[in-house]
Amino acid sequence: MSYMASWYWDKGKFREKNEDSFSLQRVRQKSFFHRNREVALLIVCDGIGGLPEGETASGFVVQQMTEWFYQDGIGLMDGPFWTKRAAGGATDALEWIQEKMERCERAEGICCGATCTLALVRGGRFVLLHIGDSRAYLLGRKERRLTQVHRRDGALARCVGAFVFHYPDVLEGRLRRREMLLLCTDGFCDRLKTGLLKDALFPLKKEPAAIQRRLREIGGFARKQGEQDNQTAVLLWRTGAKRG
């Protein structure tokens with residue numbers, strides 16, 4: 001089984017810097033159980049705009065989690081019951097990143113943080129880890145939002161870095177044929193009505209160029225509704241029928 005993917009990343013005209021970062025990795029996994037199976041990592045991070053170095057924080061989380069994926073994550077995604085092993089390993093990696101950022105704050109006096117929403121995908125299954133107010137959606141004949149928004153009184157209540165570490169929300173799910181897994185920052189989706197993502201994306205032919213154009217159109221529509229934040233979206237869908 002393999003996947004196809006598309007992405008959208010836009011600073012917009014209102015912010016000096018793009019404080020969003022993302023990673024999209026698809027690799028062939030050599031396994032005792034399955035030969036030449038593809039696995040994937042999707043991650044979006046949004047630097048906290050009210051704190052300094054938001055782009056540094058989001059970039060650091062994405063870089064470290066991508067390195068973890070290649071060093072440890074791919075191996076943890078092998079064999080049965082892989083979702084729990086991979087989720088545990090990714091949580092440990094996020095906790096290590098938290099400690100690293102806290103040490104940097106003490107040494108340099110710079111307090112920064114970022115949201116983090118990531119998915120590990122193998123075959124027809126995925127495991128999702130989430131901290132903050134970015135979003136994950138499963139799009140098919142219905143639009144299903146998978147993540148909760150960690151806000152309190154309108155302010156971000158959880159992130160990686162600036163606050164006390166909170167363990168991520170963890171969710172396991174199925175990615176069925178023709179369904180799409182979307183990860184996006186709040187700037188991409190906050191002003192969209194429920195169902196718009198499904199209506200705009202699901203009927204399209206599953207071609208990366210067409211999907212990317214539609215993601216750009218959705219981002220532009222959000223801008224017309226008054227959205228000024230950075231926008232990031234990463235989308236993955238299956239191209240095979242077998243489950244791994």
Could you check Asp20, Asp46, Thr117 and say which one makes a side-chain hydrogen bond (donor to acceptor under 3.5 Å, both in side chains) with Thr185?
->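 Among Asp20, Asp46, Thr117, the one meeting side-chain hydrogen bond (donor to acceptor under 3.5 Å, both in side chains) with Thr185 is Asp20.
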Option among Thr115, Thr147, Asp190 that satisfies the side-chain hydrogen bond (donor to acceptor under 3.5 Å, both in side chains) test with Arg135 |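 Exactly one option meets the side-chain hydrogen bond (donor to acceptor under 3.5 Å, both in side chains) with Arg135, and it is Asp190.
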Value rounded to 0.5 Å, distance of [atom1] in [X] from [atom2] in [Y]:
| X | Y | atom1 | atom2 | value |
| --- | --- | --- | --- | --- |
| Met77 | Trp82 | CE | CH2 | 4.0 Å |
| Arg238 | Met180 | CZ | CE | 13.5 Å |
| Gln231 | Leu215 | CD | CG | 10.5 Å |
| Phe69 | Leu41 | CZ | CG | 5.5 Å |

Do His130 and His150 have their ring centres less than 6.0 Å from each other?
->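 Aromatic pair counts; centres sit under 6.0 Å.
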Answer yes if the ring centres of Phe22 and Trp7 are under 6.0 angstrom apart, and no otherwise.
->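 Yes.
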Backbone N/O of Arg176 and side chain of Glu179: donor-acceptor pair under 3.5 Å =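 Such a contact is found between Glu179 side chain and Arg176 backbone.
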Ignoring hydrogens and geometry, is there a side-chain-to-backbone donor-acceptor pair from Tyr8 to Arg214 under 3.5 Å?
->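 Pair absent, no side-chain N/O of Tyr8 close to backbone of Arg214.
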Return the set of residues passing salt bridge (Lys or Arg N to Asp or Glu O under 4.0 Å) with Arg223 (not counting sequence neighbours), or none when no residue passes.
->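 Salt bridge (Lys or Arg N to Asp or Glu O under 4.0 Å) check on Arg223 returns Asp10.
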For residues 191-199, tabulate all N or O donor-acceptor pairs below 3.5 Å that involve a side-chain atom, not counting sequence neighbours.
unit_1: Arg191; atom_1: NH1; unit_2: Gln225; atom_2: O; d: 3.1

Residue of the set [options] for which side-chain contact (heavy atoms from CB on, under 4.5 Å) holds with [X]:
| X | options | answer |
| --- | --- | --- |
| Phe188 | Ile218, Asp229, Val44, Asn230 | Ile218 |
| Val234 | Leu181, Leu42, Ile43 | Leu42 |
| Leu146 | Leu171, Leu182, Leu183 | Leu171 |

